[in-house]
Amino acid sequence: MAERTPAEQLGGTLPGGIEALEEHERQDLADALRDARRRQAKALAEAGEEGLRYVPALLRGAVRKAVGL
């Protein structure tokens, strides 16, 4: 998978302060954003699974399918 720039990751133009960073600093920022998004996705998946504990076992499959887990 190709590395995405901070602008691509954030979906828009970046503030001038970020544009003024050196290339290696922008790459560090892109890496940090990517890592943060991965951690966020993992945390959301774990929270979704945790929430299913409150759903009766017979309904969990249907609920997973309905909510996209």
Side-chain angles (χ1 to χ4, degrees):
M1 184 167 109
E3 296 292 320
R4 293 178 7 173
T5 65
E8 292 170 332
Q9 290 183 43
L10 296 174
T13 58
L14 297 175
I18 294 174
E19 290 294 335
L21 296 173
E22 293 183 25
E23 180 59 33
H24 73 277
E25 294 170 323
R26 284 194 301 261
Q27 185 59 48
D28 288 346
L29 176 61
D31 293 344
L33 287 170
R34 185 181 58 253
D35 292 344
R37 296 250 173 155
R38 285 182 182 155
R39 285 191 311 273
Q40 181 184 38
K42 182 181 176 192
L44 286 171
E46 289 172 358
E49 289 297 322
E50 177 69 21
L52 284 174
R53 289 183 19 183
Y54 301 99
V55 175
L58 292 174
L59 297 175
R60 288 181 191 158
V63 171
R64 272 192 184 95
K65 187 175 181 179
V67 297
L69 292 177

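The model shown is predicted, which means the values in this text are computed figures rather than measured ones.
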Path from Val67 to Leu59 over hydrophobic side-chain contacts below 4.5 Å: yes
Linked, directly or transitively: Leu21 and Leu33 (ILVMFWY side chains, under 4.5 Å): yes
Inter-residue atom distance Asp31.CG - Arg26.CZ, 0.5 Å rounding: 13.0 Å
Side-chain (Glu25) to main-chain (Glu22) donor-acceptor, under 3.5 angstrom: yes
Distance, nearest 0.5 Å, that separates CD of Glu50 from CD of Glu46: 9.5 Å
